[in-house]
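Computed from a prediction, not measured in an experiment: that's the story for all the values here. Whatever order the structure lists them in is the order used to number ligands and atoms, beginning at 1.
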Amino acid sequence: MPEMIENDKAPDTETENNEQKDKKKSIWDSLDDSGRAEVESLATEYRDFLTNAKTERAVSDIILQKISQGGFVDLKGKSSVKRGGWLAHHGKLLGLFVPGHDDPVNGFNLIVAHGDSPRLDLKPKCVYEDAGLGLLKSNLYGGLKKFQWLARPLAIWGFCAFKDGRHADVRFGEEPGDPVLTITDILPHLDRKVQREKKLTDAFPAERLNVLANSEPLAGSKEKARVKAALLKILEGRWGIKEDDLISSELEIVPAGPAREVGFDGSMIGGYAQDDRLNVFCSVKALLASKKPRRPLLVIIYDREEIGSYGSTGAESNFIMRLAAAALGASGKEPSWANVQVALAATRALSADVEAAVDPTFKEVHDDLNSGLMGHGPCVVRYTGGAGKYGASEARAEYMALIRRIFDEASVAWQSTLLGKQEEGGGGTVAHLMAYHGVSVVDCGPCLLSMHSPFEVSSKADVWMNLKAHKAFLASA
Ligand code: MN
Ligand code: MN
């Protein structure tokens with residue numbers, strides 16, 4: 001159903017006034033005791049998710065487990081589902097479906113988020129020895145600030161596929177008693193030429209992000225590189241991984257340790273990969289809470305967003321069409337190409353991704369009027385992209401009006417923001433790839449401090465309000 005019909009409704013002046021009045025009001029001010037208890041218990045659950053889901057595969061596995069327990073079934077070949085279903089691809093991309101009262105050909109309510117985050121991958125050939133130390137060569141994944149990854153505890157998570165079809169799951173550096181890995185930095189006494197006198201972009205070359213892996217030589221070995229030999233023995237002993245197997249591995253170097261509460265008041269959450277696992281967490285939780293919605297629901301957790309959405313598990317792939325077809329089929333509808341196209345063109349989506357919060361120490365990059373404040377609810381971002389709206393799939397005015405109405409009617413505290421000042425940089429999401437299919441889409445998500453760093457900071461109140469926003473959006477008729 002086109003949104004035009006719903007927008008015929010006369011504007012609710014009281015809602016409009018509230019919207020203006022609440023613009024700069026902190027969510028904390030509106031919480032009663034039971035609201036605060038909800039915020040805290042949700043924050044605990046969310047921190048646990050961040051601690052246990054440090055790769056896109058782990059995200060996918062944890063969600064699959066959770067929704068299976070919730071009565072969801074594999075959509076493949078189903079002509080009906082009761083509670084809901086999923087479509088998984090390559091262990092990293094996940095689509096979820098909940099049938100609604102309305103005909104799915106008339107469109108879905110869709111939330112898309114992404115489960116991948118900036119990190120360091122190991123190169124296919126990565127093991128070497130130098131200066132009596134065993135090292136692993138890494139490869140950047142996504143837009144990270146390289147210096148933030150030096151001289152801090154790191155863990156390794158991942159997956160190795162063997163030629164015979166077996167695989168090994170790797171996870172090291174997370175358990176309280178585990179040793180960790182690290183990437184070394186040069187001492188300030190000697191950094192003048194290699195770092196201090198260089199531009200930031202040149203001072204930290206990617207090829208210097210080598211992971212310190214071991215130091216004890218292999219006793220009794222006749223090899224020249226005895227520390228490397230010891231490292232290979234460890235890999236084989238722990239996970240059965242031989243040097244050549246690293247070529248068919250996906251091993252990721254991520255910050256070690258659990259997500260934490262931040263601030264004397266514990267009002268914030270600090271942890272790795274809140275971009276975009278905050279929205280993964282909220283969208284799946286909101287979907288699981290949706291029973292018998294009016295419109296049928298979809299949630300997609302994409303992979304590879306941080307590197308441009310390319311690849312079979314990214315949003316550039318045709319997965320959304322396959323998911324829509326599977327959802328149509330599971331609703332007893334003909335999953336024809338025409339029905340898929342019609343359904344997607346009538347679909348409304350939130351591209352649920354995190355935003356930049358105003359950092360008081362770097363205020364000059366923001367346009368005051370259009371910037372997001374911590375603790376003030378999810379940011380609705382009409383367009384992303386670079387200067388001149390380049391690369392943006394701007395949400396049209398009628399769709400912005402619909403989103404305003406959905407959130408205001410559900411008493412969701414939210415903010416209208418843009419990423420930053422026009423010529424400071426820019427960024428994108430998967431919104432334009434949804435829009436390609438005719439989907440009405442707008443970016444929406446809580447704002448973070450230190451985005452893309454190993455320790456991103458969110459507001460507990462925003463996490464809670466974001467869940468409320470997702471529930472309101474999914475429930476909208
Ligand atoms: Mn993101
Ligand atoms: Mn990002």
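With sequence neighbours excluded, no residue satisfies ring pair (Phe, Tyr, Trp, His ring centres under 6.0 Å) with F455. In this structure, E423 has no side chain to side chain donor-acceptor pair (under 3.5 Å) partners at least two apart in sequence or on a different chain. For the side chain to side chain donor-acceptor pair (under 3.5 Å) test, residues two or more places apart in sequence or in another chain that qualify with N370 are D367.
Between the side chains of T429 and D443, at least one donor N or O sits under 3.5 Å from an acceptor N or O.
In this structure, E38 does not pair ionically with K468, as no charged nitrogen and carboxylate oxygen lie closer than 4.0 Å.
Applying the 6.0 Å contact sphere to NZ of K145 captures no more than 12 heavy atoms from other residues, nucleotides or ligands.
Atoms of the protein (N, O or S only) found under 2.8 Å from the Mn ion (ligand 2) are D275 OD2, E306 OE1, E306 OE2, H452 NE2.
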